Q: 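One structure, pasted below without further comment.
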Protein chains: 2
Amino acid sequence: MNPIENISQQFAAHKYKLTRQREAIVQVLLDNEKEHLSVEEVYMLVKNSYPHLGLATVYRTLELLSELHIVEKMNFGDGVARYDLRDDTHAHMHHHMICHVCGRLEEIKDDWLLDLEKRLEREYGFTVTDHRLDFKGTYGTCKHTGCKRDKEKKAV
Amino acid sequence: MNPIENISQQFAAHKYKLTRQREAIVQVLLDNEKEHLSVEEVYMLVKNSYPHLGLATVYRTLELLSELHIVEKMNFGDGVARYDLRDDTHAHMHHHMICHVCGRLEEIKDDWLLDLEKRLEREYGFTVTDHRLDFKGTYGTCKHTGCKRDKEKKAV
DNA sequence: GCTCATATCGTAACGATTACTATTTAAGGG
DNA sequence: CCCTTAAATAGTAATCGTTACGATATGAGC
Ligand SMILES: [Mn+2]
Ligand SMILES: [Mn+2]
Ligand SMILES: [Zn+2]
Ligand SMILES: [Zn+2]
């Protein structure tokens, strides 16, 4: 099943309408799945396919997608919320590697935490339903070279 | 060496003055190390020991403590930044367990990610300098009981 | 005590998000 | 079809956490 069809069904299952506005927004997310777009960025991009769409609708739709667990609302410390498509083949959120030299952000889709989740259950009686794991560091290729971005964005 | 003395030295090493205001703020953090206080909460608490202290000073001081890696600025999705004391005996940030039934938040001070860090180095040439790991789930004691807090705070 | 960089204070400005009101859309029933 | 009604959108005002600013205070070194 293609992604948009899948999402359409999730909308229907929760009695939400997949309006043209919502579909345009979802399409922007699918077309930019490697990015971690902010509301403003989605707003700018969706204008190409739906010029008249309002900013408030982007806010409301992304909130809705978050509620349906289609996207994850994340905060990377730059002052805006960013929305990350979840993979429907994995129960838990994927992991991130963030290079603080060049700013590159890569994803690890496999769940590397399954052993630790068992350990939490054993040692604390804590059942994991989701998680967030971000690694901060540097890529070997970045260590000694002047990378594109050089900490231009101050954490907020 | 007691904590306040230790922090005092870090200030000195970076040519920052440990003013009475800053010391009062640090003391609030030390006295509430189990909490994850917001700026506003620190502001209210510090008024007990230093009634005239200004809000802007709290903002600036917490930012400074973050820069010195004495605290970690975190966002748990409730709309405010929260500040978490780092343990100077561990190089990397500690982990969290967050119960979405009762809202309880506990810490795991040991670094459970050392093996995964080696794997990142091997497989991606990525050297980890820090990380953030939050587990979301439920404690066994919370599963079937009506806990104190019941999702009263909506994620933001 | 004088100088000057550093820090504080109170508040205005900023900007992301939310809340609100009017308007539009579309599903369901006659 | 048309009517009713709930859901969704648009545009914008209000909110609120945070940052920036100008004036004042502090205190280390001379
Ligand atoms: Mn991602
Ligand atoms: Mn903590
Ligand atoms: Zn997992
Ligand atoms: Zn680690």
Side-chain angles (χ1 to χ4, degrees), chain A residues 7-8 10-28 36-44 46-47 49-68 71 73-83 153-156, chain B residues 7-28 36-47 49-68 70-83 153-156:
Chain A
I7 289 169
S8 174
Q10 290 200 246
F11 268 75
H14 290 82
K15 307 256 193 287
Y16 291 121
K17 300 171 190 169
L18 186 56
T19 61
R20 285 173 300 138
Q21 288 93 331
R22 286 174 176 171
E23 189 167 354
I25 290 168
V26 168
Q27 197 56 56
V28 163
H36 294 73
L37 299 175
S38 66
V39 170
E40 205 67 35
E41 286 165 355
V42 171
Y43 181 56
M44 298 312 286
V46 83
K47 290 248 157 183
S49 56
Y50 202 112
H52 212 66
L53 201 145
L55 180 58
T57 300
V58 180
Y59 272 100
R60 261 181 285 102
T61 301
L62 289 173
E63 202 59 40
L64 181 59
L65 290 168
S66 173
E67 185 187 316
L68 296 176
V71 301
K73 185 177 189 174
M74 302 210 68
N75 190 305
F76 290 106
D78 62 349
V80 293
R82 296 187 172 276
Y83 295 83
K153 45 171 77 167
K154 182 98 179 182
V156 172
Chain B
I7 289 169
S8 173
Q9 287 194 0
Q10 290 199 246
F11 269 74
H14 290 82
K15 306 262 192 290
Y16 291 121
K17 298 172 192 169
L18 185 57
T19 61
R20 284 173 299 138
Q21 288 93 332
R22 286 174 176 172
E23 188 166 353
I25 290 168
V26 167
Q27 196 58 56
V28 163
H36 294 73
L37 299 175
S38 67
V39 170
E40 206 66 36
E41 287 165 352
V42 171
Y43 182 56
M44 298 311 285
L45 287 168
V46 82
K47 291 243 160 188
S49 56
Y50 202 112
H52 279 292
L53 201 146
L55 181 58
T57 300
V58 180
Y59 272 101
R60 262 182 284 103
T61 300
L62 289 172
E63 201 60 38
L64 180 59
L65 289 168
S66 175
E67 185 187 317
L68 295 176
I70 294 167
V71 300
E72 183 72 15
K73 186 177 187 173
M74 303 209 69
N75 191 304
F76 290 104
D78 63 349
V80 292
R82 296 188 172 274
Y83 294 83
K153 46 170 77 170
K154 183 101 179 178
V156 173

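A note on names: the letters A, B, ... follow the listed sequences, proteins ahead of strands, and every chain is numbered from 1. Predicted model, so just to flag it, every value in this text is computed and none were measured.
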Q: Within the structure provided, determine whether B:Val39 and B:Leu55 are in side-chain contact (heavy-atom separation under 4.5 Å).
A: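 Contact flag for B:Val39/B:Leu55 side chains = yes.
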Q: B:Asn75 has an atom CG; how far is it from atom C1' of C:dT17, in whole Å?
A: 13 Å
Q: Nearest-Å distance, OH (A:Tyr59) to C1' (D:dG11)?
A: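 From A:Tyr59 OH to D:dG11 C1': 14 Å.
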Q: I want to check something: taking the side chain as every heavy atom from C-beta on, are A:Arg22 and A:Leu64 in contact at a cut-off of under 4.5 Å?
A: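 A side-chain contact exists here, since the closest heavy-atom pair is under 4.5 Å.
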Q: Return the angle between end axes of the helix from C:dG1-D:dC30 to C:dG30-D:dC1, with five pairs used per end and rounding to 10°.
A: 20°
Q: Whole-Å distance between D:dT26 P and B:Glu23 CD?
A: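 After rounding, the gap between these two atoms is 17 Å.
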Q: Are A:Ile25 and A:Val58 side-chain neighbours, meaning at least one heavy-atom pair lies under 4.5 Å?
A: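 In short, these two side chains touch, coming nearer than 4.5 Å.
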Q: Can you tell me how far C1' of C:dT17 sits from CZ of A:Arg82, to the nearest Å?
A: 15 Å
Q: Which atoms form the tightest heavy-atom contact between B:Ala24 and B:Tyr50, and what is the distance?
A: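 Looking at all heavy atoms of both residues, the shortest contact is CB-CB, 4.1 Å.
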Q: Would you mind reporting whether A:His36 and A:Tyr83 have side-chain heavy atoms less than 4.5 Å apart?
A: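 Not in contact.
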Q: Considering non-hydrogen atoms only, spot the tightest contact between B:Asp78 and B:Asn75 and give its length.
A: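 Heavy-atom minimum between the residues: N-OD1, 4.4 Å.
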Q: With the side chain counted from C-beta on, respond yes when A:His52 and A:Gln21 share a heavy-atom pair under 4.5 Å apart, and no when they do not.
A: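 A:His52 does not reach A:Gln21 side chain to side chain.
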Q: Any side-chain heavy atom of A:Phe11 within less than 4.5 Å of one from A:Leu65?
A: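 Yes - at least one pair of side-chain heavy atoms lies under 4.5 Å apart.
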Q: Nearest whole angstrom, please: distance from the P of D:dG17 to the CE of B:Met44.
A: 13 Å
Q: Measure CD/A:Glu40 against P/C:dC14 and give the value in whole Å, please.
A: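 Value for this atom pair: 17 Å.
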Q: Let me know the distance between CG of A:Leu18 and P of C:dA26, rounded to the nearest Å.
A: 12 Å
Q: What's the CG-P distance between A:Asp78 and D:dT18, to the nearest Å?
A: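 Distance, rounded to whole Å: 14 Å.
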Q: Just by protein heavy atoms under 4.0 Å, how would nucleotides 3-10 of chain D read 5' to 3' in B, S and -?
A: ----SSBB
Q: Sequence neighbours left out, what pairs pass side chain to side chain donor-acceptor pair (under 3.5 Å) with at least one residue falling in residues 9-18 of chain B?
A: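 Those involving residues 9-18 of chain B are B:Tyr16-B:Glu67.
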Q: Between B:Tyr43 and A:Val80, which residue's closest nucleotide on DNA chain C lies nearer the 5′ terminus?
A: B:Tyr43
